[in-house]
Amino acid sequence: MPELAEVGRIVHFIRQHLVGKTLSKVHAHHDEIIYGKVGTSAAEFQKAMQGKTVVGAGQQGKYFWMTMSSPPHAVMHFGMAGWMKIKDQDTFYYRSDKPGDEEWPPKYAKFVLETSEDPKTEAAFVDPRRLSRIRLVDCPAEEIRDHTPLKENGPDPIADKDILDEAWLQEKLRSKRVPVKALLLDQANISGIGNWMGDEILYHAKIHPEQYSNTLSDEQIQELHKALHYVCTTAMDALADSEKFPEHWLFKHRWSKGKKDHPKALPNGDKITFITVGGRTSAVVAAVQKKSGAGAKEIDDDGETAQPKRKRSVKKEEEDNSDVEEKPAPKTTKSGGKRKPTVKTETNEIDAIKEEKSPGTTPPRQRSTRTRK
């Protein structure tokens, strides 16, 4: 799933190639999930964008938007496999090796834009897995973050550094008793941190991902705050290009799980193990990340999961690491019932795939050419 840095990458390209240009052609292809689940239709999107000028682009965590010359504005979320392509530009951080993926307009496009300027720019939003969201937000551009879905999400580590200071983080951590990684991944707490960034932050902070948030010492919280801003800022400055990441990062060595003849350790010999925290696979270097307080499980010195002495119950809503997302106005569900217009947390990624995937929509598995090696 695109995280803070990957979304920052596409915002960079939007600013570079679309901002200041007028959309002369807009073709939107309706999808009852991508548009419909947030109360928008492809026809409404197309009408709202046609003939407008893109005057800006912004980001809060995993959400990003294009501000138009007049409301409404397009607010988008990539889900697990969505992306935005710009013709003849290398915007990718994921790319499959199929020749057909170079075709234009792209396969699985949900909308395609074309500018009137010469030379013209063509862009497309694609999503083969249909877990992304495209919506219209009708408000002044400067108020986008005051509206759903952004207002339900926590501060952005880059855009809101003045908010996400050490005192704020300490209060957030002490107010909950959940594995610290689950807290970092919950978008209601902090916007934009996903699986690999969460692991990287905790590795640099020397904190075990299973340790309960309210057991961290003042010194650990100080290190966590420092690591959070270091990882987020470095990844954003590199536009999510892993070739520009520091060589000592866990990211450079964490992709060994399930691969034969691939080192499962850092260059210094420290072993990398994989456990499940908050429903997500987590890379852990037990030699560095030792528990100093109670946690969800017990880990021995070799990084192996030991049998817990006692099972602990953690509220599902506190462990949920997905994005905060609001339901649209009441609609008829597949079963004929009515949706309640309340705020909820988006469906777990695995459950969402099972629920929302329809026959013929999922392509062969993609391989990474940018951020995963």
Side-chain angles (χ1 to χ4, degrees), residues 1-4 6 37 61-63 77-82 129-133 149 152-154 172-173 175-203 205 207-216 224 228 250-251 254-258 272-286 289 291 294-299 303-308 310-327 343-357 362 365 372:
M1 171 185 281
E3 302 181 25
L4 180 78
E6 289 86 353
K37 285 214 166 187
K62 299 180 185 181
Y63 281 95
H77 187 290
F78 284 133
M80 287 187 69
R129 301 183 78 170
R130 305 176 71 204
L131 297 174
S132 59
R133 298 291 182 264
E152 285 86 21
N153 283 256
K172 181 64 67 174
L173 291 164
S175 69
K176 297 176 182 291
R177 183 178 175 83
V178 295
V180 61
K181 184 177 179 183
L183 185 145
L184 291 177
L185 296 187
D186 188 339
Q187 302 299 295
N189 297 321
I190 302 172
S191 289
I193 297 175
N195 203 35
W196 80 258
M197 294 190 82
D199 285 347
E200 195 70 44
I201 290 165
L202 292 170
Y203 169 67
I207 295 172
H208 196 283
E210 287 181 335
Q211 184 168 339
Y212 287 135
S213 58
N214 65 341
T215 68
L216 297 177
L224 180 60
L228 189 154
L250 176 64
F251 184 98
R254 62 167 287 151
W255 308 109
S256 61
K257 186 180 181 184
I272 301 172
T273 57
F274 298 91
I275 60 176
T276 300
V277 184
R280 303 297 302 277
T281 298
S282 302
V284 183
V285 181
Q289 298 169 263
K291 288 183 182 177
K297 293 180 182 178
E298 295 298 327
I299 302 295
E304 302 297 336
T305 302
Q307 186 68 27
R310 182 179 63 183
K311 291 185 178 180
R312 300 177 185 271
S313 61
V314 182
K315 292 182 180 180
K316 181 178 179 182
E317 62 268 26
E318 293 181 330
E319 286 192 327
D320 194 350
N321 53 44
S322 58
D323 300 325
V324 169
E325 177 72 63
E326 143 274 1
K327 285 185 178 181
V343 174
K344 75 176 185 71
T345 306
E346 272 197 11
T347 312
N348 178 277
E349 293 170 4
I350 297 175
D351 292 337
I353 295 170
K354 293 178 180 178
E355 173 189 344
E356 298 179 353
K357 182 174 65 176
T362 304
R365 184 179 180 86
R372 294 184 183 176

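Remember, predicted model here, so these are calculated numbers, not experimental data.
Considering only heavy atoms from C-beta on, Leu228 comes within 4.5 Å of Ile193 through its side chain. Side chains of Asn214 and Lys176 form no contact here, defined as non-hydrogen atoms less than 4.5 Å apart. Met1 places none of its side-chain heavy atoms less than 4.5 Å from the side chain of Trp196. With contacts defined as side-chain heavy-atom distances shorter than 4.5 Å, the pair Val284/Val277 does not qualify. Using a 4.5 Å heavy-atom threshold, the side chains of Arg254 and Glu200 count as separate. The closest side-chain heavy-atom distance from Phe78 to Tyr63 is not below 4.5 Å.
Note: Lys37 NZ to Leu131 CG = 9.5 Å, rounded to the nearest 0.5 Å. Here Leu216 contributes atom CG and Ile207 contributes atom CD1; the two are 5.0 Å apart, rounded to the nearest 0.5 Å. Atom NZ of Lys172 sits about 8.5 Å away from atom CD1 of Ile190, to the nearest 0.5 Å. Atom-to-atom distance recorded for Ile201:CD1 and Leu250:CG is 11.5 Å, nearest 0.5 angstrom.
In this structure, Ser282 contributes its side chain and Thr276 its backbone to no donor-acceptor pair below 3.5 Å. When atom types are taken as modelled, the side chain of Gln289 and the backbone of Ala286 share no donor-acceptor pair closer than 3.5 angstrom. At distances below 3.5 Å, not a single donor-acceptor pair connects side-chain atoms of Asn153 with backbone N or O atoms of Ala188. At least one donor-acceptor pair under 3.5 Å links the side chain of Glu3 to the backbone N or O of Met197.
For the residue pair Pro209 and Ile275, the shortest heavy atom distance occurs at CG-CD1, 4.3 Å. Taking every heavy atom of both residues into account, Phe274 and Ile272 meet most closely at CZ-CG2, 4.0 Å. Here the closest non-hydrogen pair linking Pro2 and Gly79 is CD-O, 3.5 Å. Gly278 and Ala182 make their closest contact through CA-CB, 4.3 Å (heavy atoms, listed as atom of the first residue, atom of the second, distance).
When each of Leu173, Val178, Leu183 is paired with Asn189, the side chain to side chain contact (heavy atoms under 4.5 Å, CB included) condition holds for Leu183 and for no other.
No side-chain donor from either of Ser191 and Gln187 sits under 3.5 Å from a side-chain acceptor of the other. Defined by atom type and a distance below 3.5 Å, a donor-acceptor pair is present between the side-chain atoms of Asn195 and Lys181.
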